[in-house]
Undergrad: 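My questions will all concern the structure given below.
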Amino acid sequence: LGLYQCIFLHMSTAQRKLQAEIDKTTKKVVEGIEDFHELLQKYEETTVPSHKEKVESELKKEIKKLQRLRDQIKTWQTSNDIKDKDQLQD
């Protein structure tokens, strides 16, 4: 293989890895939102104060996880490595 072919293959491998990471992160966001809604429902239905505190703590952890994922997506949105940013807009 020539130098340009090697560079092209490396770039497309890197692009595939990046796309796989974006897909994985998108899936985590969807799952995180579902988990958050389930926890919120538990929180609203719980009347036992100690259980309510536990669920509240879990809600906070889920929010922090979603915020980290959001920050990663924002980083990708400003990156020049990603040409098609439509997937990151949702």
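When reading the values below, keep in mind they use all heavy atoms of this one structure, side chains included, and skip hydrogens, waters and symmetry mates. The structure displayed is predicted, hence computed values, not measured ones. All residue numbers in this chain count up from 1 along the given sequence.
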Undergrad: Does some side-chain heavy atom of S50 sit less than 4.5 Å from a side-chain heavy atom of K54?
TA: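 No. Closest side-chain heavy atoms not under 4.5 Å.
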
Undergrad: Determine, stepwise, if the pair Q77 / K74 fulfils side-chain contact (heavy atoms from CB on, under 4.5 Å).
TA: CA-CA 5 Å; Q77 287 174 330; K74 283 183 176 183; 4.0 Å; yes

Undergrad: Find the distance between NZ (K28) and OG1 (T25) and round it off to the nearest 0.5 Å.
TA: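 The NZ atom of K28 sits 6.0 Å away from the OG1 atom of T25.
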
Undergrad: Using every non-hydrogen atom in the two residues, find where V29 and L66 come nearest and quote the distance to one decimal.
TA: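 Scanning both residues completely, I find the closest heavy atoms to be O-CD2, 3.9 Å.
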
Undergrad: Answer yes or no: is there a side-chain heavy-atom contact under 4.5 Å between Y43 and E58?
TA: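 Answer no - side chains too far apart.
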
Undergrad: When rounded to the nearest 0.5 angstrom, what is the spacing between NE2 in H37 and CD1 in I33?
TA: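 Between atom NE2 of H37 and atom CD1 of I33 there are 6.5 Å.
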
Undergrad: For the residue pair R70 and Q67, establish whether any side-chain heavy-atom pair is separated by less than 4.5 Å.
TA: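 Yes, their side chains come closer than 4.5 Å.
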
Undergrad: Quick one, L59 and E62 - any side-chain contact, counting heavy atoms below 4.5 Å?
TA: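 The answer is no, as the side chains (C-beta and beyond) never meet within the 4.5 Å cut-off.
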
Undergrad: Are more than 12 heavy atoms, taken from residues, nucleotides or ligands other than K65, located less than 6.0 Å from that residue's NZ atom?
TA: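 Yes, enclosed.
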
Undergrad: Any non-hydrogen side-chain atom of E56 less than 4.5 Å from a side-chain atom of K52?
TA: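 Of all side-chain heavy-atom pairs linking K52 with E56, none is under 4.5 Å.
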
Undergrad: So, do I73 and W76 sit near enough that their side-chain heavy atoms are less than 4.5 Å apart?
TA: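 I73 reaches W76 side chain to side chain.
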
Undergrad: Is the backbone N or O of T75 less than 3.5 Å from a side-chain atom of S79, with the two atoms forming a donor-acceptor pair by type?
TA: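 A pair under 3.5 Å: no.
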
Undergrad: Please answer whether the main-chain N or O of I22 pairs with a side-chain N or O of T26 as donor and acceptor at a distance below 3.5 Å.
TA: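 Yes; at least one donor-acceptor contact below 3.5 Å.
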
Undergrad: Ignoring hydrogens and geometry beyond distance, is a side-chain donor-acceptor pair present between E45 and Q41 at under 3.5 Å?
TA: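 On atom types as modelled, these side chains qualify, holding a pair under 3.5 Å.
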
Undergrad: So does K42 have more than 12 non-hydrogen atoms from other groups sitting under 6.0 Å from NZ?
TA: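 Counting other residues, nucleotides and ligands, NZ of K42 stays at 12 neighbours or fewer.
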
Undergrad: For the CG atom of D23 and the CG atom of L18, what is their distance to the nearest 0.5 Å?
TA: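 If we round to the nearest 0.5 Å, D23:CG and L18:CG are 9.5 Å apart.
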
Undergrad: Is it true that L39 and V30 fall in one hydrophobic cluster, defined by side-chain heavy atoms closer than 4.5 Å?
TA: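 No: no chain of side-chain contacts under 4.5 Å links L39 to V30.
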
